[in-house]
Amino acid sequence: MNYLNYAGEAFLLIPLSAIFLNNICNKRFIEKHFHILTGAVALLQMIAAVFAFYIMDANQMLNFDFSVFGSSKITGIELFDINPVSLVFLFCIGMVAFVSVMISIRTIDVKKGSYVNLLMTLLIGMNGMVMVSDLFSLYVFLDVIGISSFVMIAMFRSRKGLEGSIKYLIISEIASIFILMGLSFISMKTGSLSFKDIGRNLLTNTFELQTILIYAAIILMIAGFSIKAGIVPFHSWLPDAHQSADTSISVLLSGIVIKIAGIYGIYVLTNIFGGIKAYQVSLAGLGIISVVVGALLAACQSHFKRIVAYSSVSQMGYILLGLSTGSTLGIVGAVAHVFSHAAFKSTLFTNAAAIHEQTGTLEIDEMGGLQSRMPVTAFSSTIAFLSTAGIPPFAGFWSKLLIVMALWGSGNQILAGFALCASILTSAYFLRLQKKVFFGKTPEHLSSVTEVTGSIKFAEILLTAVTCIVGVLFPLIIIFLHSRGLI
Amino acid sequence: MLNFQTIMLFVGFLMIIAGCYCMIRTYHMLKIIIGIEVAMKAVTMFLILAGYMNGHMGLAQAYVITAIVIEVIVAVVFAGVTIGLYKKYGNMDIRNLTELKG
């Protein structure tokens with residue numbers, strides 16, 4: 001399994017060596033070619049994920065343990081571990097990072113060196129988080145993600161960026177306190193924090209201090225990861241942080257960071273405590289509130305990026321609903337929705353970058369009739385919106401279908417009905433967005449707008465192709481994975 | 001019921017409540033980071049208590065050192081953002097931050 005070991009180490013060592021390369025080389029040289037360095041790292045990550053999946057499939061393996069820098073295993077601290085689910089997450093990370101680089105070529109003019117450093121740190125944090133197999137390492141990588149996101153939002157020192165960053169920082173630190181407190185409570189009973197040492201067997205019926213504290217730990221950790229994911233009672237930082245950052249950074253934050261930092265944490269908790277009824281009910285409750293309230297709040301915003309950010313809140317609710325069932329179908333649906341959400345949310349933020357580059361504004365009331373002037377942007381945003389609303393045959397339809405089927409199968413028919421009806425709300429706010437931006441009369445000051453060119457157009461076409469192709473081939477992919485015994 | 005562990009747990013909860021009260025009550029940015037730090041100290045104490053209760057003190061030491069390092073980095077980033085805001089607004093009142101509504 002030598003090759004697999006290399007692939008696993010590559011996820012951490014390639015971004016690390018890119019940081020060294022970025023700081024050693026001549027500054028003017030690296031500022032001219034920063035997109036080649038970062039784009040190569042993102043591409044290598046996608047290739048390594050596909051390659052590792054191929055080798056694991058050929059050898060009929062379901063997980064693989066490896067060490068970085070020859071670290072050895074001690075009690076309570078486990079080795080890194082890759083499995084098919086983490087490979088899906090790793091592929092999504094590579095894809096969104098690639099899109100971010102494509103946008104940054106046009107939008108970032110200063111501080112390119114800092115952008116490369118922070119993006120690579122963020123990649124190390126996210127790759128590490130989906131590969132660890134104990135809760136304390138998970139927390140460490142979670143804070144690596146958090147710290148690089150705070151700095152990335154505040155990077156250009158505009159008023160909005162600093163405000164969004166400080167809001168995110170305060171709320172996210174409260175989440176860190178909750179998560180660390182929860183895992184210290186778990187550690188009080190077990191003495192170890194690796195995933196395989198903790199589980200439902202901790203919850204005995206005896207009335208003692210440690211058992212009560214484990215219930216407290218579950219509540220605290222759900223709350224902490226929900227804050228990181230922007231689930232509705234804890235969502236207030238999300239639109240501000242995502243709106244105020246540069247678009248190449250908002251695509252990272254909305255496209256992948258909330259999913260790795262929040263949803264992956266909840267996925268880990270589901271693997272550990274998934275069978276408990278109270279856990280499932282609380283996830284389902286948070287999920288359905290998030291779906292409905294996120295969609296309603298998105299419908300009354302007037303800034304392009306705010307609408308898309310609130311749409312993220314709503315879609316995170318769908319993923320929570322999928323995880324709340326605890327069944328294999330629900331988890332497959334949730335992971336599939338992570339992938340399709342990464343694709344269509346990146347498309348919408350790329351559209352935001354294109355519109356901002358060409359018109360200089362993102363207030364939707366000031367726009368109109370851009371469809372004939374920016375046909376590629378209009379087409380890709382329509383595809384992304386259809387995928388978000390769950391219209392067949394795009395990728396979002398299949399993942400939502402799996403989630404609704406899992407909900408129905410687990411006996412939550414009312415929740416399944418609500419989740420279906422919320423799709424109408426999704427179409428409502430996106431139809432409003434489409435009508436105001438792309439249809440209607442063109443105002444006077446936008447009459448000379450032309451289509452965006454270069455890397456942003458390339459990213460739009462690429463992501464639209466991903467959404468369409470995965471949507472058309474989705475049943476085949478599911479049948480293939482089923483025949484391999486992975487589902 | 002009133003043994004060492006329970007007393008330390010209560011002390012920790014009191015510290016967390018004190019930190020959260022400090023965060024809610026004040027409008028000064030540096031006082032908010034002090035509140036966060038107080039709450040983080042309580043969590044650090046919980047980690048040590050966990051090591052005492054399960055008998056793995058060595059592991060608890062490793063956890064605590066890592067947690068302290070992360071805490072310091074967060075404090076530094078917070079101070080950096082605060083200095084940026086101070087240069088823009090001229091004071092450290094958090095009620096001035098009205099650019100983002102929602």
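In what follows, chains are A, B, ... by sequence order, proteins preceding strands, each numbered from 1.
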J.: Would you please test B/Val81 and A/Phe150 for side-chain contact (heavy atoms from CB on, under 4.5 Å) and show each step?
T.: CA-CA 9 Å; B/Val81 177; A/Phe150 311 143; 5.7 Å; no
J.: Heavy atoms only, distances under 4.5 angstrom: which of B/Thr82, B/Ile70, B/Ile33 has the most pairs with chain A? Name it, please.
T.: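 Ranked by contacts with chain A, first place is B/Ile70.
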J.: Specify which of A/Ser172, A/Gly164, A/Ser184, A/Ser165 makes the most heavy-atom pairs with chain B at under 4.5 Å.
T.: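 Heavy-atom pair counts peak at A/Ser184.
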J.: Is there a side-chain contact (heavy atoms from CB on, under 4.5 Å) between B/Val43 and A/Phe178 once you walk through the steps?
T.: CA-CA 9 Å; B/Val43 177; A/Phe178 282 177; over 6 Å; no
J.: Please verify the inter-ring angle class for A/Phe185 with B/Phe13; under 30° counts as parallel, over 60° as perpendicular, anything in between as tilted.
T.: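 Ring orientation of A/Phe185 relative to B/Phe13: perpendicular.
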J.: Could you tell me which of A/Gln210, A/His303, A/Arg159 has the largest number of non-hydrogen atom pairs under 4.5 Å with chain B?
T.: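 Ranked by contacts with chain B, first place is A/Arg159.
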J.: Nearest 0.5 angstrom please: A/Ser176 OG to B/Glu71 CD, how far?
T.: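 If I round to the nearest 0.5 Å, the distance is 10.5 Å.
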J.: What part of B/Ile16 gets closer than 4.5 Å to chain A, counting heavy atoms only: side chain, backbone, both or neither?
T.: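 Interface part for B/Ile16: side chain.
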J.: Pick one of side chain, backbone, both or neither for A/Leu169, based on which atoms fall under 4.5 Å of a heavy atom in chain B.
T.: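 For A/Leu169, side-chain heavy atoms alone lie under 4.5 Å from chain B.
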J.: If every non-hydrogen atom of A/Met188 is compared with every non-hydrogen atom of B/Phe46, which pair is closest and at what distance?
T.: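 Distance-wise, the nearest heavy atoms are CE-O, 3.8 Å.
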J.: Should A/Leu193 and B/Tyr63 count as side-chain neighbours, where that means a heavy-atom distance under 4.5 Å?
T.: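 Touching, per the 4.5 Å side-chain cut-off.
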J.: Among A/Val151, A/Leu213, A/Leu183, A/Ile170, which residue forms the greatest number of heavy-atom pairs with chain B at distances under 4.5 Å?
T.: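 Option with the greatest count: A/Ile170.
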J.: Can you measure from OG1 (A/Thr190) to CE (B/Met53) and round to the nearest 0.5 angstrom?
T.: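 Going from the OG1 atom of A/Thr190 to the CE atom of B/Met53 covers 11.0 Å.
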J.: Which one of B/Leu47, B/Asn54, B/Leu49 satisfies the side chain to side chain contact (heavy atoms under 4.5 Å, CB included) criterion with A/Ser187?
T.: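 Testing each of B/Leu47, B/Asn54, B/Leu49 against A/Ser187, the sole residue satisfying side chain to side chain contact (heavy atoms under 4.5 Å, CB included) is B/Asn54.
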J.: For chain A, find which of B/Val74, B/Val77, B/Ile94 contributes the most heavy-atom pairs closer than 4.5 angstrom.
T.: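 If we count pairs closer than 4.5 Å to chain A, B/Val74 comes out on top.
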J.: Quick check: are there more than 12 heavy atoms from other residues, nucleotides or ligands sitting under 6.0 Å from NZ of B/Lys41?
T.: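 Enclosed.
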J.: With side chain to side chain contact (heavy atoms under 4.5 Å, CB included) as the test, pick out the partner of A/Leu162 among B/Leu85, B/Ile83, B/Leu97.
T.: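 Option passing the side chain to side chain contact (heavy atoms under 4.5 Å, CB included) with A/Leu162: B/Leu85.
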J.: For chain B, which of A/Val140, A/Ile186, A/Leu297, A/Ile166 has the most heavy-atom pairs under 4.5 Å?
T.: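 It is A/Ile166.
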J.: What part of B/Leu9 is in contact with chain A, defined as an atom under 4.5 angstrom from a non-hydrogen atom: side chain, backbone, both or neither?
T.: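 Side chain only.
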J.: Is it the backbone or the side chain of A/Glu173 that comes under 4.5 Å from a heavy atom of chain B, or both, or neither?
T.: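 Only the side chain of A/Glu173 comes within 4.5 Å of chain B.
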